[in-house]
There are 2 protein chains.
Amino acid sequence: MSAVSTAPSPKLSFRQQMHLAREDAIIVAVNRLLADKGFDAMTVDEVAAEVGIAKASLYKHFPSKEDLAATAMARVMQRAVSFLVGVDPTQPPLERLRATARWTMGLQLAGEMPSLPSENSSLRTALAANTDYMDGLMTVSDTLGEWIEAAQADGSLDAQLPPVAVLYTLYARACDPVLGFLKGSGQYSDDEIIEMVLRTCFNGLCRR
Amino acid sequence: MSAVSTAPSPKLSFRQQMHLAREDAIIVAVNRLLADKGFDAMTVDEVAAEVGIAKASLYKHFPSKEDLAATAMARVMQRAVSFLVGVDPTQPPLERLRATARWTMGLQLAGEMPSLPSENSSLRTALAANTDYMDGLMTVSDTLGEWIEAAQADGSLDAQLPPVAVLYTLYARACDPVLGFLKGSGQYSDDEIIEMVLRTCFNGLCRR
DNA sequence: GTCTATAGACCGATAGAC
DNA sequence: GTCTATCGGTCTATAGAC
């Protein structure tokens, strides 16, 4: 991925570029399927069909289904890191957190946010072994953790909640099924849905 | 289930009682596994092993894995209906909603709340075809819907949110992964976890 | 003795892996 | 394109209740 974003890499052969491009297409397809049906229900045949390549070719890129999914989720985590560094640092910390939550919700409604694996899935171990994913996760957690503590210090965020509880809540809202429920009802636009869920997340269900 | 609780049913043979008791054990085991790993990852061999019976015996009780899971989830829905009718009606509607959320969270921490199936799972169709489940779901939704509108009318609940959004949020919190995250951190007791998540749910992350 | 439910072997399809 | 493991589902002989 760094190969496509950093400019001074002219030494890539055509083959290598094709390889990377294909890998990119695979990852995009995997994230869509992961968001749609989850890891267990996703088959590698589906992935191959979606990308339009032979199943065997997948195994030239990834040693296993777990690794495939872990790489795809590491990519999402990388996008999150990129988003965070782009957030306007002059904004108050609460607004930075809100912007982040809004972004993750948009990602989910766009079908690009993988649903998180159940507690004991084989995916979990693959994720834990994926350094890209774990590094991204740590960077995201550290950044959000700082913002959370700053927002608690300036009085905008509930200071009685442990920061880790806030952090986990933000992670969970990125995969909140409420978005899908409301979308399935067909009564609201994506923006309306996001604003409603953001409101319940930050302001709560009770009247203020 | 009604057979063991209602007194005037002496016509049940021991065989039938055994049958019902075993069915009960099966359902309990299924709900545990469903909560633990989800429908796709759960195998019927595991269920049989957990209950301590042969797999074929399962199929004397339930025609398919989907039906098995649907029956188990219908049981949970039935428990929810029972809980709702037992909620103190003299409490204000907001407190009734809070008590309900607290109860569902306790259920999840106890490992008795099945994780909800992904959007297109085969379980979904089985659930839609299960009248017990659908009846319970409708009863629960109607009851909660009334409480929600009452709580909005008396000013305790945010009246700007569509009632259906509140309803979906309460359903989603019953399966909120934040509970599992916090439990996994090992730093908080179950009661502390529930109170924290309840607080974020009803009061929001922002300071009041 | 009959009849039902059980247990464990068994089958076919499918999905991961190569 | 093939191999193999696994999983949902079935078959049959047997044990036990009546």
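Lettering follows sequence order; numbering is per chain, from 1.
- In this structure, the CG atom of Leu58(A) is 11 Å from the P atom of dA17(C), given to the nearest Å.
- The two residues Leu107(B) and Val76(B) come nearest to each other via the heavy atoms CD2-CG1, 4.4 Å.
- Between Glu112(B) and Arg32(B) there is no salt bridge, since no side-chain nitrogen of the basic residue lies less than 4.0 Å from a carboxylate oxygen of the acidic one.
- Residue whose closest nucleotide on DNA chain D sits further toward the 5' end, between Lys65(B) and Ala56(B): Lys65(B).
- Look at CG on Asp45(B): it is 10 Å from C1' on dG9(D), rounded to the nearest Å.
- For the pair His61(B) NE2 and dG8(D) P, the interatomic distance rounds to 18 Å; values are reported in whole Å.
- Under the 4.0 Å criterion applied to side-chain N and carboxylate O atoms, Asp190(A) and Lys183(A) are assigned as salt-bridge partners.
- For the pair Ser57(B) and dA7(C), the criterion of a side-chain N or O lying under 4.0 Å from OP1 or OP2 is met.
- Between Arg75(A) and Asp24(A), at least one side-chain N (NZ, or NE/NH1/NH2) sits under 4.0 Å from a carboxylate O, which counts as a salt bridge.
- Between the CD1 atom of Ile53(B) and the P atom of dG8(C) there is a distance of 12 Å, given to the nearest Å.
- Under the 4.0 Å criterion applied to side-chain N and carboxylate O atoms, Asp158(A) and Arg199(B) are assigned as salt-bridge partners.
- Within residues 32-43 of chain B, the residues having any heavy atom under 4.0 Å from DNA chain D are, by residue number, Met42(B), Thr43(B).
- At whole-Å resolution of the value, NZ in Lys55(B) and P in dC11(D) are 13 Å apart.
- Of the charged side-chain nitrogens involved, none lies within less than 4.0 Å of a carboxylate oxygen, so that Lys37(B) and Asp40(A) do not count as a salt-bridged pair.
- Remark: P of dC18(C) and CG of Leu68(A) are 14 Å apart, rounded to the nearest angstrom.
- Under 4.0 angstrom from either OP1 or OP2 of dT6(C) there lies at least one side-chain N or O belonging to Arg22(B).
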Inset, instruction - Verify side-chain hydrogen bond (donor to acceptor under 3.5 Å, both in side chains) between Thr71(B) and Tyr133(B), making sure each step is shown before the conclusion. - result: CA-CA 8 Å; Thr71(B) 305; Tyr133(B) 179 82; over 6 Å; no
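- Within the 4.0 angstrom heavy-atom criterion, base atoms lie near Lys60(B).
- In this structure, Tyr59(A) reaches the dA17(C) phosphate: one of its side-chain N or O atoms is under 4.0 Å from OP1 or OP2.
- Distances from the side chain of Val44(A) to the nucleotides dG16(C), dG1(D), dA7(C) place dG16(C) closest.
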